[in-house]
Amino acid sequence: MSTPLAERLLSALDASSSQPLYQQLQRALRDAIEQHVLGPDDALPSERQLAQELGVSRITVRKAIDGLAVEGLLVSRQGSGNFVNARIDKNFSKLTSFSEDMRARGRTPRSEWLRRTEGTVSPEEALKMALSPGTLVYRLHRLRYADNAPMALEYATVLATALPGLEAVQASLYDALEHHGYRPVRALQRLRALLLNDEQAALLQAQPGDAGLLVERLGYLRDGRAVELSQSFYRGDTYDFIAELNTQG
């Protein structure tokens, strides 16, 4: 008897399609992850079982699984099989928001507001963002979740002229900035390892002294002005930051 997952995957395969079967299977598995049919850390059936239930070759199954592993959606564990990746692979070379990263991996992003205020730039903010003293900014402090798991503490400072008001930011800061024509087109990011303090650990459901990651981002508009300065604190056991490097010659 086939499993509900196999029945779902089988219904998505079309032998008469011009698209290779492994790509159809890869897409069907990706959809199952994005729609939470398969959750974080769920195990996939074995390659042999999937091949038998779907009536395809193990090579087809292997190519589909390899493709999803490259995307960061699946992870192979020696001697245990293939699992939905519970860690988040953040591509350091792409300028994307937290919400976009989570949705791309089949997770549901949400935020818990800690503080929303407006004021003038601090000396440190003015220096980093090249702003004049007295420039008005919005400060947005949030606890970011993937599904129901706390993933990051985010402290963002945004030019007040980029948004009509504090309430303009709902689920995604970048969505709000894009809607009003002020989404960053490039950014400088700095990554630093640290130990979570008592407050950070409590909010992230970790232990004080656990490994954490701090990412500072300075986002720029097309005309070269800085529009966003953010500091995001991540649990070290839930995030992997990756970057593709190329040689030039």
Side-chain angles (χ1 to χ4, degrees), residues 1-13 20-94 96 98-109 144-152 191 193-196 201 204-207 209-213 215 232-245:
M1 180 180 296
S2 62
T3 63
L5 174 63
E7 292 175 359
R8 176 190 177 95
L9 298 176
L10 188 60
S11 67
L13 302 182
L21 276 175
Y22 81 89
Q23 291 183 359
Q24 296 182 46
L25 178 56
Q26 183 174 331
R27 181 182 60 191
L29 281 167
R30 186 189 303 112
D31 288 345
I33 294 171
E34 291 178 349
Q35 296 169 20
H36 296 182
V37 176
L38 289 167
D41 259 344
D42 280 355
L44 260 64
S46 68
E47 292 178 17
R48 175 178 294 179
Q49 181 181 347
L50 277 175
Q52 290 177 342
E53 293 183 340
L54 300 178
V56 299
S57 70
R58 288 189 63 178
I59 293 177
T60 294
V61 175
R62 165 49 47 190
K63 289 180 72 174
I65 289 174
D66 285 348
L68 292 172
V70 170
E71 292 180 33
L73 295 178
L74 294 180
V75 60
S76 179
R77 297 175 185 168
Q78 188 69 30
S80 298
N82 298 294
F83 295 80
V84 177
N85 196 357
R87 296 179 65 92
I88 302 297
D89 286 341
K90 168 62 178 173
N91 192 329
F92 224 35
S93 61
K94 293 183 179 180
T96 54
F98 177 89
S99 297
E100 290 166 339
D101 290 338
M102 296 305 106
R103 286 194 292 262
R105 286 154 180 78
R107 310 289 286 272
T108 300
R144 313 303 304 273
Y145 288 82
D147 300 325
N148 291 315
M151 301 295 290
L191 174 66
L194 49 73
L195 300 180
L196 298 175
L204 293 171
Q205 296 181 11
Q207 296 297 318
D210 279 357
L213 295 168
V215 177
S232 298
F233 296 84
Y234 297 88
R235 284 177 48 160
D237 61 347
T238 59
Y239 250 78
D240 290 322
F241 287 86
I242 60 173
E244 182 178 350
L245 304 177

Discussion item. Run the side chain to side chain contact (heavy atoms under 4.5 Å, CB included) test on Phe83 and Arg77 for me, step by step, so that the C-alpha distance in whole Å, both residues' side-chain angles and the decisive distance to 0.1 Å come before the verdict.
Written reply: CA-CA 8 Å; Phe83 295 80; Arg77 297 175 185 168; 3.6 Å; yes
Practice prompt. In sequence, state the C-alpha distance, the side-chain angles, and the governing distance for Lys63 and Gln26, and then conclude on side chain to side chain contact (heavy atoms under 4.5 Å, CB included).
Written response: CA-CA 8 Å; Lys63 289 180 72 174; Gln26 183 174 331; over 6 Å; no
Discussion item. Between Leu10 and Glu53, does the side chain to side chain contact (heavy atoms under 4.5 Å, CB included) criterion hold? Intermediate values first, please.
Written reply: CA-CA 8 Å; Leu10 188 60; Glu53 293 183 340; over 6 Å; no
Item to complete: Report the C-alpha separation of Ile33 and Leu74 in whole Å, then their side-chain angles, then the decisive distance to 0.1 Å, and conclude whether the side chain to side chain contact (heavy atoms under 4.5 Å, CB included) test is met.
Response: CA-CA 9 Å; Ile33 294 171; Leu74 294 180; 4.0 Å; yes
Discussion item. Is there a side chain to side chain donor-acceptor pair (under 3.5 Å) between Arg144 and Ser99? Walk through the geometry before answering.
Written reply: CA-CA 9 Å; Arg144 313 303 304 273; Ser99 297; 3.3 Å; yes
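Residue Tyr234 holds its OH atom at 9.5 Å from CG of Leu191, rounded to the nearest 0.5 Å. For the atom pair Leu5 CG and Asp42 CG, the distance stands at 9.5 Å (nearest 0.5 Å). Taking CG from Leu29 and CD from Gln24, the interatomic distance works out to 12.0 Å, rounded to the nearest 0.5 Å. In this structure, CG in Leu68 is found 12.5 Å from OG in Ser76, a value given to the nearest 0.5 Å. For the atom pair CZ of Arg27 and CG of Leu13, the computed distance is 9.0 Å after rounding to the nearest 0.5 Å. For the atom pair Gln205 CD and Asp210 CG, the distance stands at 12.5 Å (nearest 0.5 Å).
Counting heavy atoms of neighbouring residues, nucleotides and ligands inside a 6.0 Å radius, atom CZ of Arg48 does not exceed 12 of them. Surrounding CD1 of Ile59 are at most 12 heavy atoms belonging to other residues, nucleotides or ligands under 6.0 Å away.
Counting heavy atoms from C-beta on, the side chains of Val215 and Phe233 never come closer than 4.5 Å. Taking 4.5 Å as the limit, every side-chain heavy atom of Val75 sits out of range of all side-chain heavy atoms of Asn82.
Looking at Arg235, its side chain does come within 3.5 Å of a backbone N or O of Leu204 through a donor-acceptor pair.
Counting all heavy atoms, side chain and backbone alike, Leu25 lies closest to Val61 at CD2-CA, 3.9 Å. Between Pro109 and Phe98, the shortest heavy-atom distance links the atoms CB-CE2, 4.3 Å.
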